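Right, one structure below, let's go through it.
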Amino acid sequence: MIEIKTEDILETIGMIENENLDIRTITMGISLLDCADSDPKKACDKIYEKIVRKAENLVKTGEDIEREYGIPIINKRVSVTPISMLLAASGGDPLLYAKTLERAVDTIGVNFLGGYSALVQKGFAKGDEALIRSIPEALDITDHICSSVNIGSTKTGINMDAVKLMGQIVKEAADITAYKDCIGPAKLVVFCNAPEDNPFMAGAFHGPGEPDCVINVGVSGPGVVRSALTKIPDANITEVAEMVKRTAFKITRVGQLVANEASRRLDVPFGIVDLSLAPTPAVGDSVAYILEEMGLEQCGAHGTTACLALLNDAVKKGGVMASSSVGGLSGAFIPVSEDAGMIKAARSGCLKIEKLEAMTAVCSVGLDMIVIPGDTTPEVISAIIADEAAIGMVNSKTTAVRVIPAVGKNVGDELSFGGLLGSGPVMPINTASPEKFISRGGRIPAPLQSLKN
């Protein structure tokens with residue numbers, strides 16, 4: 001393990017104080033595989049007991065590190081084994097598990113818990129479909145539970161039956177939570193190539209290949225990168241990439257320090273640092289503004305995808321030099337409602353969903369926190385998911401969809417969630433029907449590049 005001393009991050013104090021540098025999350029991953037029981041109620045009791053026992057000091061530890069090192073830690077979170085696996089082993093009503101997870105969150109005081117999830121990239125196993133169909137109600141009756149479903153991968157192809165179902169689930173989740181500004185879909189991610197060690201919500205779950213308990217840390221810092229670029233206004237693109245790389249190195253070292261401290265104090269193995277640039281609605285904390293600092297008039301203009309590719313690559317290169325344990329997603333996020341610059345670009349019409357889709361080919365994750373008209377059909381939502389999954393499958397990268405149908409709202413209206421989820425305009429989408437394609441079902445075969453053995 002690389003020893004990191006406080007001196008190593010002294011130069012980042014200005015970043016913390018003036019440029020919105022923070023640790024976005026400390027996420028404790030907890031395996032629930034040993035909680036299975038033939039009696040569903042007993043299984044849920046075991047789940048509650050294990051989460052509380054493992055994570056009882058997580059929030060306090062995070063707060064102690066914040067206070068001692070002066071590093072803001074925005075969220076303390078927990079991710080657990082995909083609940084569909086527990087449902088397959090123990091049976092019962094999926095909502096019983098959702099309520100148990102929420103009760104555990106209330107006890108330990110974390111911000112979010114991820115793992116109300118299913119992995120169905122090659123088909124539905126026992127428990128998967130029941131859990132998926134329960135997602136809308138589960139997200140309605142809980143406040144802190146996040147859900148994800150992996151519907152494809154480069155190795156398996158895309159499960160189009162699951163894609164069809166998820167279009168319906170996203171739509172239903174919006175309808176059932178319409179009285180809460182359609183918050184349901186904001187806590188639901190549909191993945192292709194989902195990573196097992198992602199600390200970021202709403203897509204976090206504790207993969208079956210992970211240890212019994214582990215600490216993963218997600219850093220942030222778009223404001224730091226933008227500030228660095230303001231110091232080299234006349235630099236060429238090679239120099240811009242080098243500056244981003246050096247800045248990402250410094251940001252990641254802060255994450256490594258926090259991860260090591262949290263691991264030591266909680267006596268839990270350190271897993272990974274996810275060095276993703278995760279924006280917030282704060283004006284100085286925007287990925288879009290980094291791209292504009294590179295020379296774009298506004299995010300969404302021609303050249304946006306090239307700038308984002310440079311940013312994503314340089315962030316990864318700088319991060320892997322700073323830590324031998326980089327994982328998760330590690331790149332640049334482009335969640336529209338959570339990024340002040342993207343909100344502005346979407347409102348002006350410069351940033352459109354088609355451009356966002358192109359950008360997802362070169363950045364972390366995919367179409368994230370995009371508000372769409374409330375009357376969008378499930379088939380169109382499924383087709384958006386299929387397109388994004390195809391990009392991930394063919395390019396051997398993680399892609400995802402988190403779109404929010406704004407019930408009762410049309411293009412140009414606004415939907416607000418508050419907090420880190422932010423707000424955004426309802427964006428126009430292509431409504432030409434893909435119904436026949438989606439209704440075919442079956443599976444899009446894995447691409448040739450999957451045959452690497």
Side-chain angles (χ1 to χ4, degrees), residues 2 4 20-30 58 62 65 71-80 110-115 117 146 148 150 189 191 193-207 209-211 213-222 224-225 244-245 247-263 268-280 285 287 311-335 338 363-366 368 392 397-400 402 420:
I2 299 173
I4 298 178
N20 298 307
L21 175 62
D22 59 56
I23 300 300
R24 186 54 46 88
T25 178
I26 295 178
T27 301
M28 177 179 283
I30 302 173
L58 178 62
I65 294 172
I71 302 170
I73 301 173
I74 306 303
N75 283 298
K76 295 83 178 174
R77 300 164 172 171
V78 167
S79 64
V80 298
V110 294
N111 301 98
F112 288 106
L113 186 149
S117 307
C146 293
S148 59
N150 194 65
V189 180
F191 275 118
N193 289 321
E196 295 190 352
D197 55 4
N198 166 29
F200 285 105
M201 301 297 170
F205 63 88
H206 189 69
E210 292 288 297
C213 189
V214 70
I215 286 290
N216 297 321
V217 167
V219 300
S220 187
V224 178
V225 176
V244 173
K245 187 168 65 174
T247 305
F249 177 90
K250 297 172 186 177
I251 293 170
T252 305
R253 294 292 275 184
V254 177
Q256 180 88 8
L257 169 68
V258 171
N260 286 339
E261 276 298 303
S263 171
V268 171
F270 162 48
I272 59 97
V273 174
D274 187 318
L275 51 98
S276 296
L277 295 181
T280 74
D285 207 20
V287 169
L311 175 65
N312 207 58
D313 179 67
V315 165
K316 291 178 186 290
K317 287 175 177 174
V320 297
M321 290 297 291
S323 172
S324 59
S325 299
V326 170
L329 296 161
S330 292
F333 287 177
I334 54 171
E338 299 177 17
C363 75
S364 292
V365 203
D368 196 14
K397 71 181 291 291
T398 302
T399 52
R402 186 165 47 149
L420 288 177

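Each residue takes its place number in the sequence, starting with 1. Scope of the values below: all heavy atoms of this structure, side chains included, with no hydrogens, waters or symmetry mates. As the structure is a prediction and not an experimental result, all values here were calculated from the model.
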If I take atom [atom1] from residue [X] and atom [atom2] from residue [Y], how far apart are they, to the nearest 0.5 angstrom?
X: Ile23; Y: Ile71; atom1: CD1; atom2: CD1; result: 6.0 Å
X: Asn193; Y: Leu329; atom1: CG; atom2: CG; result: 11.0 Å
X: Asp197; Y: Phe205; atom1: CG; atom2: CZ; result: 9.0 Å
X: Asn198; Y: Thr398; atom1: CG; atom2: OG1; result: 8.0 Å
X: Phe270; Y: Gln256; atom1: CZ; atom2: CD; result: 4.5 Å
X: Asn216; Y: Thr27; atom1: CG; atom2: OG1; result: 7.0 Å

Can you give me the closest heavy-atom contact between [X] and [Y], atom names plus distance?
X: Ser263; Y: Val268; answer: OG-O, 2.5 Å
X: Ile215; Y: Ala262; answer: CG2-CB, 4.2 Å
X: Arg24; Y: Ile74; answer: O-CB, 3.7 Å
X: Ile272; Y: Pro199; answer: CD1-CD, 4.1 Å
X: Ala314; Y: Ala248; answer: O-CB, 4.3 Å
X: Ile73; Y: Ile26; answer: CD1-CD1, 3.8 Å

[X]: what forms a side chain to side chain donor-acceptor pair (under 3.5 Å) with it, not counting sequence neighbours?
X: Asn150; answer: Gln121
X: Glu210; answer: none
X: Ser79; answer: none
X: Asp274; answer: Ser276

> Mind checking what makes salt bridge (Lys or Arg N to Asp or Glu O under 4.0 Å) contact with Glu196, not counting sequence neighbours?
Replying inline: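 Listed in chain order: nothing, the list is empty.
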
> Can any side-chain N or O of His206 pair as donor or acceptor with the backbone N or O of Gly114 at less than 3.5 Å?
Replying inline: no

> For the side chain of Asn111 and the backbone of Lys76, is there at least one donor-acceptor N/O pair under 3.5 Å apart?
Replying inline: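 Side chain of Asn111 to backbone of Lys76, a donor-acceptor pair under 3.5 Å: yes, one is there.
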
>> Considering only residues two or more places apart or on different chains, which pairs with a residue in residues 316-330 satisfy salt bridge (Lys or Arg N to Asp or Glu O under 4.0 Å)?
In response: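 Residue pairs with at least one partner in residues 316-330: Asp313-Lys317.
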
>> Can you confirm whether Asp368 sits close enough to Val189 that some side-chain heavy atom of one is under 4.5 Å from a side-chain heavy atom of the other?
In response: no

>> Could you go through Leu277 and Leu311, starting from their C-alpha distance and side-chain angles, then the distance that decides it, and tell me whether this counts as side-chain contact (heavy atoms from CB on, under 4.5 Å)?
In response: CA-CA 10 Å; Leu277 295 181; Leu311 175 65; 3.9 Å; yes

>> Before you tell me yes or no, could you show the steps for Thr252 and Val315 under side-chain contact (heavy atoms from CB on, under 4.5 Å), namely the whole-Å CA-CA distance, both residues' side-chain angles and the distance that decides it to 0.1 Å?
In response: CA-CA 9 Å; Thr252 305; Val315 165; over 6 Å; no

> Looking at Ile251, Val224, Thr25, which hits side chain to side chain contact (heavy atoms under 4.5 Å, CB included) with Val219?
Replying inline: Ile251

>> Would Ser325 and Val273 count as a side-chain contact (heavy atoms from CB on, under 4.5 Å) here? Give the steps.
In response: CA-CA 6 Å; Ser325 299; Val273 174; 5.8 Å; no

